[in-house]
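Report on the following structure.
Counting starts at 1 for both ligands and their atoms, following the listed order.
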Amino acid sequence: MSRRDALLCEMGLGPLWKLRTPPAAGTALAPEPLPAALAEVGGAELLTPPLGAPGGDSPIAAMDWPQLEAAIRDCRLCALCRERKQAVPGVGDRQADWLFVGEGPGAEEDQRGEPFVGQAGKLLDAMLAAIDLKRGENVYIANAVKCRPPQNRTPEPDETAACWPYLERQIALLQPRLIVALGRPAAQTLLQTEVKIGAARGRLFDYRGIPVIVTYHPAYLLRNLTDKAKAWEDLLFARRTMAGLIS
Ligand code: URA
């Protein structure tokens, strides 16, 4: 059994996440036809969030990576700073094509200062592995809010709004080719509109010219095993979309 298969089995994902016809090692991704939605990148159908001018007026908009991470670590823009052990800026390859955006740090992330290192993070790593991605390699992982909401509650709109300039700057610095929003708070933060995951899945949204795909949050999938198959479809959609973007 390959290392990846072992990992997937350990996560209880074995057959569910497995490609029926895995591409041979080193070959290009399966040339599945691109979804019609891909043709809409940059087109009128795409939802463009009303986020105002890129960069806005905030000094955050001019920060480089070290300045941005320092600002996040020192941030006191909302009440979440009061109970955090530390802020969790993000992790990964700063030249990444892929950006995955979650909701906010949980207890383990708060402790360790890295996003998605708890149970949901293990599942996220397995999801990445299933489409031949790896944390830190062509992948950046960030959250909609950088500080842990108490009791892991969903961040309030004022908290995501206060934290938005940080994610906005991360995206501006990264310039990823594709963004995957994990769960509703991430999707709503990026798209600045009400999102229902069930309705948003399988569609391409647009964030300032960058395609955005919406799928379930790994923590939700840990509680709702039957939706893993849908998340798998979403990952395949994301992979096909990326293949179309880099070809
Ligand atoms: N859930 C998230 O949304 N982000 C994390 O970093 C961890 C769990």
Side-chain angles (χ1 to χ4, degrees), residues 7 11-13 68-69 72-73 75 78-81 83-94 96 98-130 133-137 139-164 166-171 174 176 178-192 195-197 200-201 207 212-225 227-228 230-231 234-235 238:
L7 177 66
M11 297 306 300
L13 298 177
L68 182 61
E69 292 206 348
I72 292 171
R73 291 190 196 285
C75 181
C78 82
L80 293 183
C81 68
E83 294 186 47
R84 73 179 176 213
K85 286 199 172 60
Q86 60 186 311
V88 181
V91 71
D93 179 352
R94 291 175 179 171
W98 294 83
L99 170 62
F100 287 79
V101 180
E103 180 175 321
E108 290 191 56
E109 291 76 19
D110 182 56
Q111 185 77 41
R112 289 175 49 186
E114 180 172 336
F116 283 102
V117 290
Q119 282 307 309
K122 288 199 183 123
L123 179 53
L124 178 59
D125 286 342
M127 291 163 71
L128 295 177
L133 293 176
K134 198 170 171 202
R135 175 185 296 251
E137 289 180 14
V139 171
Y140 195 90
I141 302 172
N143 278 311
V145 295
K146 314 301 190 201
C147 297
R148 181 191 180 198
Q151 283 81 50
N152 297 343
R153 64 162 170 74
T154 303
E156 299 291 345
D158 65 315
E159 293 160 351
T160 49
C163 220
W164 166 246
Y166 298 125
L167 181 59
E168 181 185 35
R169 185 62 186 154
Q170 286 176 315
I171 298 171
L174 284 164
L178 179 64
I179 302 175
V180 179
L182 302 165
R184 199 163 181 229
Q188 295 190 158
T189 300
L190 285 162
L191 303 175
Q192 294 287 295
V195 172
K196 291 215 166 70
I197 300 295
R201 290 182 51 245
Y207 170 79
V212 178
I213 286 174
V214 172
T215 189
Y216 296 105
H217 191 285
Y220 166 88
L221 295 172
L222 289 172
R223 300 187 304 269
N224 298 273
L225 302 183
D227 279 335
K228 280 184 182 168
K230 293 184 190 162
D234 299 340
L235 290 174

Considering non-hydrogen atoms only, spot the tightest contact between [X] and [Y] and give its length.
{"X": "E108", "Y": "Q119", "answer": "OE2-N, 4.4 Å"}
{"X": "A219", "Y": "A120", "answer": "N-CB, 3.8 Å"}
{"X": "C163", "Y": "A144", "answer": "CB-O, 3.5 Å"}
{"X": "R84", "Y": "C75", "answer": "NH1-O, 2.7 Å"}

Checklist line | Shortest heavy-atom approach to atom 7 (C) of ligand 1 - which of E109, E114, R148 | finding: E109
Check: What protein heavy atom is closest to atom 4 (N) of ligand 1, reported as residue, atom name and distance in Å?
Finding: N143 OD1, 2.8 Å
Note to self: If we check side-chain contact (heavy atoms from CB on, under 4.5 Å) with Q170, which of these qualifies: I72, L99, V101?
What the structure shows: I72
Only heavy atoms of [X], strictly under 4.0 Å: list the atoms of ligand 1 that pass.
{"X": "P115", "result": "6 (O)"}
{"X": "G102", "result": "3 (O)"}
{"X": "E103", "result": "2 (C), 3 (O)"}

Next item on the list: Could you check if a side-chain atom of R112 sits within less than 4.5 angstrom of a side-chain atom of V88, using non-hydrogen atoms only?
Entry: no
Next item on the list: Answer with yes or no whether G104 contacts ligand 1, where contact means a heavy atom under 4.0 Å from a ligand atom.
Entry: yes
Notebook entry, point to check: Contact between H217 and ligand 1, counting heavy atoms under 4.0 Å?
Noted result: yes
